[in-house]
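As the structure is a computational prediction, the values presented were derived from the model and not from experiment. Basis for what follows: all heavy atoms, side chains included, without hydrogens, waters or symmetry-related copies.
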Amino acid sequence: MTTVTSPSVELSSYRDQHFKGSRAEQERLLRESTTLYVGNLSFHTTEEQIYELFSKCGDIKRIIMGLDKYKKTPCGFCFMEYYTKADAENCMRYVNGTRLDDRIIRTDWDAGFVEGRQYGRGKTGGQVRDEYRTDFDGGRGGYGKLVAQKVGAPEMGFIVQ
């Protein structure tokens, strides 16, 4: 019997550089995983909104919201764990690239959630990519943190002219 794999469920080239283990072990876990990384979420998207969309693909075991390491506020990503591989594959096929809270979200396979990974890895506590953004993105907290510091914006979200 031949199995047909859709390109939308194949492994991407991204690998977590902080993975504790060998590359072969990471590859094996990714192939067997029922956990997905969900990125490009708005900082305002709630767990309930995520559940409503992702539960259309199958039964969700748990959702782990990504949090700013210092403020403990949402920072634009989460981990989605399904009970079955088939449900996770459906999510990769049908939810990846869709719009949630006015943002195009992306999903990718994850080797499995480990406590501590829910926190942003950026120097300021959020995601690294949000520190270097030079554009204004209200859904992700305003300007990038380094730009906001340079122009003296006391709060993220202020438009400095």
query = Would a 4.5 Å heavy-atom cut-off, applied to side chains only, mark Asp87 and Cys57 as touching?
reply = no
ask   = Going through the distances and angles, do Ser22 and Glu25 end up as a side chain to side chain donor-acceptor pair (under 3.5 Å)?
value = CA-CA 5 Å; Ser22 69; Glu25 176 68 7; 5.4 Å; no
inquiry  = Looking at every heavy atom in both Lys61 and Tyr83, which two are closest together, and how far apart are they?
reply    = CA-CE1, 3.5 Å
message = Looking at every non-hydrogen atom in both residues, tell me the closest pair between Asn96 and Thr107 and how far apart they are.
response = OD1-N, 2.7 Å
task = Working to the nearest 0.5 Å, report the span between CD1 of Ile105 and CG of Leu41.
result = 6.5 Å
ask   = Does Lys72 use its side chain to pair, donor to acceptor, with the backbone of Leu67 at less than 3.5 Å?
value = no
ask   = Lys56: what forms a salt bridge (Lys or Arg N to Asp or Glu O under 4.0 Å) with it, not counting sequence neighbours?
value = Glu52
note = Distance col, row Leu53:CG vs Cys91:SG, nearest 0.5 angstrom, shows 7.5 Å
ask   = Taking all atoms of both residues into account, what is the closest heavy-atom pair of Ala111 and Leu30, and its distance?
value = N-CD2, 3.4 Å
ask   = At what distance, to the nearest 0.5 angstrom, does CE of Met80 lie from CZ of Phe54?
value = 5.0 Å
query = Given Asn40 and Arg103, is the side chain to side chain donor-acceptor pair (under 3.5 Å) satisfied, shown in steps?
reply = CA-CA 7 Å; Asn40 202 36; Arg103 304 189 66 78; 2.9 Å; yes
message = Main chain of Gly116, side chain of Gln118: is a donor-acceptor contact present, judged purely on distance under 3.5 Å?
response = yes
query = Out of curiosity, does Tyr94 fall in the hydrophobic cluster containing Ile63 (side-chain heavy atoms, cut-off under 4.5 Å, transitive links)?
reply = no
ask   = Should Val114 and Leu29 be counted in the same cluster of Ile, Leu, Val, Met, Phe, Trp and Tyr side chains packed under 4.5 Å apart?
value = no
message = Taking Asp110's backbone N and O only, do any of them form a donor-acceptor pair with Ser33's side chain (distance below 3.5 Å, no angle check)?
response = yes
key: Inter-residue atom distance Met65.CE - Thr45.OG1, 0.5 Å rounding   = 7.0 Å
key: Whether Arg117 side chain and Gly112 backbone form a donor-acceptor pair below 3.5 Å   = yes
query = Once the angle between the rings of Phe113 and Phe79 is folded into 0 to 90°, is it parallel (under 30°), tilted (30 to 60°) or perpendicular (over 60°)?
reply = tilted
ask   = Do you reckon Leu100 sits in the same ILVMFWY cluster as Tyr51, going by side-chain contacts under 4.5 Å, direct or chained?
value = yes
message = Quick check against the 3.5 Å criterion: does Thr34 have a side-chain atom that pairs as donor or acceptor with the backbone of Tyr82?
response = yes
message = Between Trp109 and Tyr37 (side chain of the first, backbone of the second, donor and acceptor by atom type, cut-off under 3.5 Å), is there such a pair?
response = no
Lys85 side chain to Arg31 backbone, donor-acceptor under 3.5 Å = yes
query = Rounded to the nearest 0.5 Å, how far apart are CG of Leu11 and CG of Asp108?
reply = 8.0 Å
key: Arg93 side, atom CZ; Asn90 side, atom CG - distance, nearest 0.5 Å   = 5.5 Å
query = Is Glu32 salt-bridged to Arg28, cutoff N-O under 4.0 Å?
reply = yes
